[in-house]
Amino acid sequence: MSGATTAAAYLARRAAQKERVRILYRRALKDTLNWAVHRHLFYQDASDLREKFEANKHVEDLDTIDKMIAAGEATYDKWRHPDPYIVPWAPGGSKFTRNPVPPSGIEIVYDYGREEND
Amino acid sequence: MALRAAVLRHIRLPVQTLAATGSRPQPQLSFLRLFSSHDDHLTKEEVIDRVLDVVKSFPKVEPSQVTPDVHFQKDLGLDSLDNVEIVMALEEEFKLEIPDKEADKIDSCNLAIEYIYNHPMAG
């Protein structure tokens, strides 16, 4: 298995890996915020997380990078918070579909019980 | 939209003095109080101001270089991970939840302002 031999395939694979790394960093950062609610703790943990990502910044070999990304995602899955903070109106939040838009054609007539012969 | 926001900010309600004989007070609606949150969108200047404030307070950024059409990686010299951090800071500022794929595409102040301005739930 010679991997990506052409330059375009190599670049495409690197780009896909970079996107995976970015998404993994984003999720790990949000998870860190879920665990470390107080800001001063969050800043320290976020710096540590950034250090871990920066330490592996200069790896060039595609397979090693893939393995590292897989290991990172496994660590992220292991440390996921059971009750993460989700913005209320987003799926999983507390206000999601709380007040759905009423179906069209329904109308409330405010006549307060008035009868026609008034 | 901007007019209404400006009006709501600067309105003065005229004081009604009722006559003692109980003449009917004429209610004058100087403004309309909307309790619905569906019409309360941010104005573009507010979005731009808040986005620029968030970007300027990022520690790796020089505040003087930040303009509304600056690119995070090309103009400000930031990393892709810094980009992720800025997008997260914008999510926290505007109480949004941006999906991962969309958040990956936000690369510059322009895109951020467009996305936030067009988002229906931007706080």
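Computed from heavy atoms alone, side chains included, the values below leave out hydrogens, waters and symmetry copies. Lettering follows sequence order; numbering is per chain, from 1.
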At a cut-off of 3.5 Å, what donor and acceptor atoms pair up between chain B and chain A?
{"from": "B/Asp79", "atom 1": "OD2", "to": "A/Arg50", "atom 2": "NH2", "distance (Å)": "3.4"}
{"from": "B/Asp82", "atom 1": "OD1", "to": "A/Arg50", "atom 2": "NH1", "distance (Å)": "2.6"}
{"from": "B/Asp82", "atom 1": "OD1", "to": "A/Arg50", "atom 2": "NH2", "distance (Å)": "3.3"}
{"from": "B/Glu85", "atom 1": "OE2", "to": "A/Tyr25", "atom 2": "OH", "distance (Å)": "2.4"}
{"from": "B/Glu85", "atom 1": "OE2", "to": "A/Arg50", "atom 2": "NH1", "distance (Å)": "3.1"}
{"from": "B/Glu91", "atom 1": "OE1", "to": "A/Lys30", "atom 2": "NZ", "distance (Å)": "3.2"}
{"from": "B/Glu91", "atom 1": "OE2", "to": "A/Arg26", "atom 2": "NH2", "distance (Å)": "2.8"}
{"from": "B/Glu92", "atom 1": "OE1", "to": "A/Arg39", "atom 2": "NH2", "distance (Å)": "3.1"}
{"from": "B/Glu92", "atom 1": "OE2", "to": "A/Arg39", "atom 2": "NH2", "distance (Å)": "2.8"}
{"from": "B/Ile98", "atom 1": "O", "to": "A/Arg26", "atom 2": "NH2", "distance (Å)": "2.6"}
{"from": "B/Asp100", "atom 1": "OD1", "to": "A/Arg26", "atom 2": "NE", "distance (Å)": "2.9"}
{"from": "B/Asp100", "atom 1": "OD2", "to": "A/Arg27", "atom 2": "NE", "distance (Å)": "2.9"}
{"from": "B/Asp100", "atom 1": "OD2", "to": "A/Arg27", "atom 2": "NH2", "distance (Å)": "2.9"}
{"from": "B/Lys101", "atom 1": "NZ", "to": "A/Glu19", "atom 2": "OE2", "distance (Å)": "3.4"}
{"from": "B/Asp104", "atom 1": "OD1", "to": "A/Arg22", "atom 2": "NE", "distance (Å)": "2.5"}
{"from": "B/Asp104", "atom 1": "OD2", "to": "A/Arg22", "atom 2": "NH2", "distance (Å)": "3.2"}

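Summarising the geometry, atom CD belonging to B/Glu114 is positioned 10.5 Å from atom CD1 belonging to B/Ile116; distances are rounded to the nearest 0.5 Å. Here the straight-line distance linking atom OG of B/Ser108 with atom CG of B/Leu76 works out to 10.0 Å at 0.5 Å rounding. How far CD1 of B/Ile48 is from CG of B/Leu42: 11.5 Å, rounded to the nearest 0.5 Å.
Heavy atoms of A/Ile23 lying under 4.5 Å from chain B belong exclusively to its side chain.
Here B/Gln65 pairs with nothing under the side-chain hydrogen bond (donor to acceptor under 3.5 Å, both in side chains) rule; sequence neighbours left out. Under the side chain to side chain contact (heavy atoms under 4.5 Å, CB included) criterion, B/Pro63 pairs with B/Lys56, not counting sequence neighbours.
When hydrophobic residues (I, L, V, M, F, W, Y) are linked wherever their side-chain heavy atoms come within less than 4.5 Å, A/Val37 remains an isolated member.
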